[in-house]
Amino acid sequence: MKKALTKSAALGMASLLCALSLAGCGAAPAAKPADTAKPGEAAKPADGAKPADGAKPADGAKISGDFEIQYFVGGYGDAWWKEVIGEFQKKYPDLKIKQSAGSQINDQMKPRWIQGNPPDVVYIDGAGSNEAQMVKDDQLMDISDWVKTAKNVDGDKLTDQLIAPPQDFNGKNFTIPLVFGSWGTFYDEALFKKNGWTVPTDWDSFLATSEKIKASGINPYIHTGKYPYYIVGGLVNSGFVSENGDNPQILKDQEAAKEKAFKNDAVAKTLQKLVVMRDKGYFDNASFGINHTDSQMLFLQRKDAMIPNGLWLENEMKKDVPADFKFGFLPSVMQKPGGKSIAIPYTSNIAIAKKAKNPEAAKAFVQFIFTKKTATRWAELTGAIMNVKADLEASSASGVVKTAMKYFNSSNTIVAPVFKLNADLEQAENDATIALLQKKITPDEWMDRMEKAAAKVRGSK
């Protein structure tokens, strides 16, 4: 999981559901497997295979020879990988497939990437992985043209099946999100039902319900003060989009540290909503200085009714969840009445190596895995959501995963693009948000702080 201590290097919701699993902090859940898997020897190139200049459709190409897949094994385990690779082997019996996997695989494989002898396909997740750095180091294949027309093995256009599109790197695509997670607000459906509280659908109903919760003696909302990116990702960012006319471009402008991206009407209105929550006493005072697991435990103990978090929450805390507790999930609560829900995602990506020895097999594998069938199995085997629009109602996936998927499949939900602030800018936002919640600064001072931080980032480029 993208743990709190590593999130600034990852995030990346930007799982669904490690409850929707992803990262207990961020991208790959809680339990860590034993470090027994080791990378195999370098795969030998298929006869006649040459490194690809760019991606071309795999349709019609003979899929044979050696083929190597590198994947990180973390909280999601490796059951899905073994199953889907086994099915892929059946489809292409002439392939000799090598699986290089494990909890330390990123560090173990790093020398081969540096030496120009990478595997064909890589799942980019876990410690030691960074897709932006891999793109910068020219290690990944440019799939921009291929992915526009590629179809999965069911004959469906691949990009049409995705919840989040391929990540954009200055107008080019090198990766495709495989795991999709979302930040949001979690609540206990059983507690809400017992007390007759209305589940919020917008800002007005959120305030009304929070008043009833507070009157009952329970804190309406708790957040992880020690790691402010939880409340920023789970509450604030969706407010920025909603107040920006449902246009998520504001987040990409913030990522680019553009002038006025942090000082505008949308930001001001969102911050004012935080002030309302603060001044009405909706936040548990324990929030400040508390870490993620402690805040989550208070939530599970029903000391607090709602909490901003990522879809990994259910999976991360599964050993501590009361028997009668039922997770509920809301992508956002700051939208106006009748407004659309806003999902703030985090993802983990898959890519083809630029120096892949068997690029046709690599493309065929990507086309093989992005289907509704494999997405359903991912949800069932990992407790998280794969980046494919699939109907999980008939599956054995958890209730919170199914709820999240309903939102993502709905035309009334806007899925924001994956984005990641510069580390210094992110730290400035975290510090300013806590200062605002502690009444140390005003919304105007928050915006001024962030504009200065953004200007510094621009000046360092």
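For the single chain, residues carry numbers from 1 onward in sequence order.
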Without hydrogens or angle criteria, can the side chains of [X] and [Y] be said to hold a donor-acceptor pair below 3.5 Å?
X    : Y    : answer
N152 : Q161 : no
S144 : D142 : yes
D284 : S287 : no

Worksheet item: Should we count NZ of K389 as having more than 12 external heavy atoms under 6.0 Å?
Response: yes
Item to complete: For K372, look at atom NZ and say whether over 12 heavy atoms of other residues, nucleotides or ligands are found less than 6.0 Å away.
Response: yes
Fill in: Any residue meeting ring-ring contact (aromatic ring centres under 6.0 Å, His included) with F262, in chain and number order, not counting sequence neighbours
none
Item to complete: Report the residues that fulfil ring-ring contact (aromatic ring centres under 6.0 Å, His included) with F192, sequence neighbours left out, ordered by chain and then residue number.
Response: Y187, W197
Discussion item. In this structure, is the centre-to-centre distance between the rings of F186 and F299 below 6.0 Å?
Written reply: no
Practice prompt. Would you please indicate if the ring centroids of Y282 and Y221 are separated by under 6.0 Å?
Written response: no
If only atom types and distance count, is the side chain of [X] paired as donor or acceptor with the main-chain N or O of [Y] below 3.5 Å?
X    : Y    : result
D188 : K326 : yes
S210 : F206 : yes
W80  : T374 : yes
T209 : P200 : no
E451 : K260 : yes

Worksheet item: Step by step, would you call R449 with E429 a salt bridge (Lys or Arg N to Asp or Glu O under 4.0 Å)?
Response: CA-CA 8 Å; R449 275 197 191 189; E429 184 175 41; over 6 Å; no
Under the salt bridge (Lys or Arg N to Asp or Glu O under 4.0 Å) test, residues paired with [X] that sit two or more places apart:
X    : answer
D160 : none
D78  : K82
E131 : none

Worksheet item: For K354, which of D137, D138, D120 qualifies under salt bridge (Lys or Arg N to Asp or Glu O under 4.0 Å)?
Response: D138
Item to complete: Could you check if a side-chain atom of K252 sits within less than 4.5 angstrom of a side-chain atom of K258, using non-hydrogen atoms only?
Response: no
Discussion item. I want to check something: taking the side chain as every heavy atom from C-beta on, are E259 and R458 in contact at a cut-off of under 4.5 Å?
Written reply: yes
Worksheet, complete the sentence: Interatomic distance, CD@Q108 vs OG@S103, rounded to 0.5 Å, equals 7.5 Å
Worksheet item: Say you draw a straight line from CD1 of I344 to CD1 of I342; how long is it, rounded to the nearest 0.5 Å?
Response: 7.0 Å
Practice prompt. Look at the rings of Y227 and Y230 and say which category their plane angle falls in: under 30° parallel, 30 to 60° tilted, over 60° perpendicular.
Written response: tilted
Fill in: Pairs involving residues 262-271, ordered by first then second residue, that meet side-chain hydrogen bond (donor to acceptor under 3.5 Å, both in side chains) (sequence neighbours left out)
K263-D448
